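What follows is a single structure, written as structure tokens, with notes after it.
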Amino acid sequence: MAASTTPGDATSTVSHHITKEDGSVTPNGAQIQAPDRLPVDSNPSGSDHGNPQNLCFRPDAFVEPGFSVELFLRDCRRRVAMTELQSDLSTYHGSLQNSMFNLINKDYAEFLSLSSNLAGLDRSIADITAPLDELHEEVTKIKTAMDNEIAELNGRISQRAHIREQKALLQRFLNISASVDKIEKLLANTGDDGNALSGGGGGDGDGDLIERVASEFNQLQFYVTQCQRAPYLDKIGPRIVAITTTLQTALEQRFRHGLQTNNADTLRQCIRTYAVIDKVSDVETMFSDLVVTPFVTSTITKQNLAAVGLQELYGQILAFARDKCDLVASLARELNISGCDFMVNAAWAEVAEALSRIPAIFASGIADDFHAHFTTTETFLNEFEALCRTQQSVEHLRAHPAYVAFRKRWSLPVYFQLRFQEIAGAFETLLAAPLERTSSATAAGWQFTLGPAMLELVLRCWSPDVFLPGLKHRFWKLTLQIFSRYATWLEAFDVEASAEHDVAIRLVDDTTSLKKALAETVVPATGLDAQLVATAVDAAGVQLDTSATAVRHRACTMLTQQCTAKLDACKGIPRQYRHTGRKVPDAASDHMQHVLAALLAFRREFGDVAGGDGTAQWIVPVLKAVTEAFATIADDVLTAVRKTEESLQRLKKLRKKDGDKDGMSDDNKIRLQLYLDAMEFQRQINQDFGIESRDIQNLERLVKLVSDAKPS
């Protein structure tokens, strides 16, 4: 373990380990000549434990801050024996000695001369200590003097700043006093009563004087703002109040005179003066009190609404806005006064509040009345916005709290619920009623009255007397819901209960017409972007197609059952020929004329309704199903015949009388009859229906089955 040493100790340690050339150690303190380098033994113990990785402990554990000998020994004893620990410690101690020797040998000469170089160092330090102490004392004195000077300068600077502030405040007081004196002289410049503004006349000179006083008053307000909470203001405050009252009274009289005479120059000057003294809201309020409120009180009432109607009431409001409000509003726009808008702040605020006090305007109990009131109001708002003249004024109107509150009074969701109940209820009534054929005069391609009636209800959602732009998304949803409801009803339609094929095929035809009407009639009527709603329209079309396919499948199943019922006679062919002595068949069975009779009659009657693809959608599926049933019956009969024949042969009970004069057995007659029946079935498909055999699944298999079994 390393320890700090003085130069003398280092010399003693070195001299203790100096060795002679014969390998003996020189006694401690012997005076010999030092060799050039200390000898180094790289591994004194001769063990491979000199590598720290092979030690039973971590070498850096000795330099950790919390190193404890007891904990170190306890930890090592858990892993190795004490003898091995002692050996590793000895090895590590030798390694540390070698490291120390290597370090000394690196600067050996300087290390030996270290003690001689340090001789007299204490005396040199003592020689420079006194001058350094004197220098430190002088620097301290200078710093103290500088700090005192800085403190004195800061005090004088603060005093001068305070004097400047007081001087500026005094100058503002003088400005206020001079401004008050000047305004008072202007107010008392002319007039028998000593006040030029007390008369309220309408001359141009009075207007110029008022505007001049207002300009000075604006300057006075600026000075007063800079002297808030100053005691001087309490003293001069009454004079300022008197000036303010006189100026406001004169302005009000001047503005009132301008309104009475409809003098644009006077009104322009008053509005400009109010803007100068930053009292624009006061002139808007005064205009509202003098002009708007009397009109609103006398016109926008329940009695007047009942007498003239909502449309005429709105007409009176618009006429008032054009005649009484447009002049001052245009003057404010001309002066480009920020925040001044008579049409919105004065006129609309009063009008909207008065309209909101008449609940009958917003009543939503009767859908037709609500629609009429709302559309009339929309027209009124558009015309009122046109009176605002500028886009900025229109945006101000729409953001005004009175406008927002007026808009919120209209219960559009309630109105939609009324229309929803009306339209959806009528549609449910249509679905619940029995299907009724359309007359020839009103058919127009429809088979049942349900289709055009449903389309009429859908288009009613978008008719001018029902639709409202704010409910466009809701009415579009209702449109899709009606089509979805029809598809659900169609999919659940009981074809078997109707017991008539024409109901199914006519419903499918009407469904195709509805799908076409959705894209070509309904979407254009909505005014929606066709590309935007294309996904929804396609989804509705797919749902209609799925429902129509389900109805078509059930109808085809009924036709298939009717046809296959006639095929049951084929199962009795063995009974007709076995042990009966009947002659060899030369024609198809009589029942084969009735197998496809129902399907053929269906085609003749409803071919025009099914359309060009009727064969593929209606006839072919039935023929495939009937052919599959025929093939199954033929296979069963032939299999039974073969098994019977084999059984008789095994029992050797085949008798000659089983054949007729032609020598054909009963079993071969059965096979021949099946063959003739199958050929007749194929002929009917090819000739009567005009369908190739390859287009009917299992038909070729049926023909091959009976052909292979046909007796040669």
Side-chain angles (χ1 to χ4, degrees), residues 495-506 552-578 580 582-610 614-641 666 668-707 709-710:
V495 178
E496 291 78 3
S498 65
E500 296 181 3
H501 303 114
D502 66 323
V503 175
I505 193 170
R506 295 183 192 280
R552 186 185 303 110
H553 176 72
R554 290 196 293 271
C556 290
T557 301
M558 289 180 59
L559 283 171
T560 302
Q561 291 173 353
Q562 292 180 4
C563 295
T564 53
K566 303 298 182 181
L567 284 174
D568 290 340
C570 294
K571 299 178 182 178
I573 292 178
R575 292 193 301 270
Q576 296 176 11
Y577 289 96
R578 195 176 300 282
T580 61
R582 295 184 64 174
K583 63 178 182 178
V584 177
D586 57 358
S589 303
D590 294 338
H591 64 264
M592 291 306 299
Q593 300 300 323
H594 306 287
V595 172
L596 298 179
L599 183 60
L600 191 60
F602 174 83
R603 182 187 181 188
R604 285 195 299 265
E605 184 176 358
F606 304 111
D608 56 337
V609 179
T615 300
Q617 293 185 348
W618 293 89
I619 305 300
V620 172
V622 175
L623 289 176
K624 288 181 178 179
V626 175
T627 302
E628 183 178 1
F630 194 1
T632 301
I633 293 174
D635 186 48
D636 292 343
V637 170
L638 292 174
T639 301
V641 169
D666 293 343
N668 286 335
K669 293 178 183 178
I670 296 173
R671 295 185 179 99
L672 180 59
Q673 186 63 62
L674 281 176
Y675 172 78
L676 294 175
D677 291 349
M679 291 301 101
E680 174 61 19
F681 183 76
Q682 183 183 31
R683 185 197 65 78
Q684 293 179 10
I685 292 176
N686 297 152
Q687 297 180 10
D688 296 345
F689 292 97
I691 300 176
E692 298 291 337
S693 299
R694 62 176 178 273
D695 296 331
I696 303 301
Q697 187 177 2
N698 292 321
L699 181 56
E700 294 181 348
R701 183 175 71 89
L702 171 63
V703 172
K704 185 178 185 305
L705 179 66
V706 297
S707 298
K710 174 187 173 184

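All of these numbers come straight from a predicted model, not from anything done at the bench.
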Exercise. Please lay out, stage by stage, how Met679 and Val703 fare under the test side chain to side chain contact (heavy atoms under 4.5 Å, CB included).
Key: CA-CA 7 Å; Met679 291 301 101; Val703 172; 3.5 Å; yes
Taking every heavy atom of Ala678 against every heavy atom of Leu702, the minimum-distance pair comes out as CB-CG, 4.3 Å
Taking every heavy atom of Lys583 against every heavy atom of Tyr577, the minimum-distance pair comes out as O-CE2, 3.6 Å
Name all residues meeting the side-chain hydrogen bond (donor to acceptor under 3.5 Å, both in side chains) criterion together with [X]; count only those two or more places apart in sequence or in a different chain, and write none if there are none.
{"X": "Ser589", "answer": "Gln673, Asp677"}
{"X": "Lys704", "answer": "Asp708"}
{"X": "Ser707", "answer": "none"}

Applying side-chain contact (heavy atoms from CB on, under 4.5 Å) to Glu692 and not counting sequence neighbours gives Arg694, Asp695
- Message: Looking at Asn686 and Ile691, would you say the former's side chain and the latter's main chain have a donor-acceptor pair under 3.5 Å?
- Response: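 It does hold such a pair.
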Hey, could you give me the [atom1]/[atom2] distance between [X] and [Y], rounded to the nearest 0.5 Å?
{"X": "Gln687", "Y": "Gln682", "atom1": "CD", "atom2": "CD", "value": "10.0 Å"}
{"X": "Leu559", "Y": "Phe602", "atom1": "CG", "atom2": "CZ", "value": "5.5 Å"}
{"X": "Asn698", "Y": "Ser693", "atom1": "CG", "atom2": "OG", "value": "12.5 Å"}
{"X": "Leu705", "Y": "Lys710", "atom1": "CG", "atom2": "NZ", "value": "14.5 Å"}
{"X": "Thr557", "Y": "Gln562", "atom1": "OG1", "atom2": "CD", "value": "11.5 Å"}
{"X": "His553", "Y": "Trp618", "atom1": "NE2", "atom2": "CH2", "value": "11.5 Å"}

Side-chain donor/acceptor pairs under 3.5 Å, residues 590-600, sequence neighbours excluded:
residue: Gln593; atom: NE2; partner: Glu680; partner atom: OE2; Å: 3.3

Side chains of residues 623-641: which donor-acceptor partners sit under 3.5 Å, not counting sequence neighbours?
residue: Thr627; atom: OG1; partner: Leu623; partner atom: O; Å: 2.6
residue: Thr632; atom: OG1; partner: Glu628; partner atom: O; Å: 2.9
residue: Thr639; atom: OG1; partner: Asp635; partner atom: O; Å: 2.6

Query raised in the report: Within a strict 4.5 Å, meaning less than it, do heavy atoms of the Leu699 and Phe681 side chains meet?
Result: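 Contact flag for Leu699/Phe681 side chains = yes.
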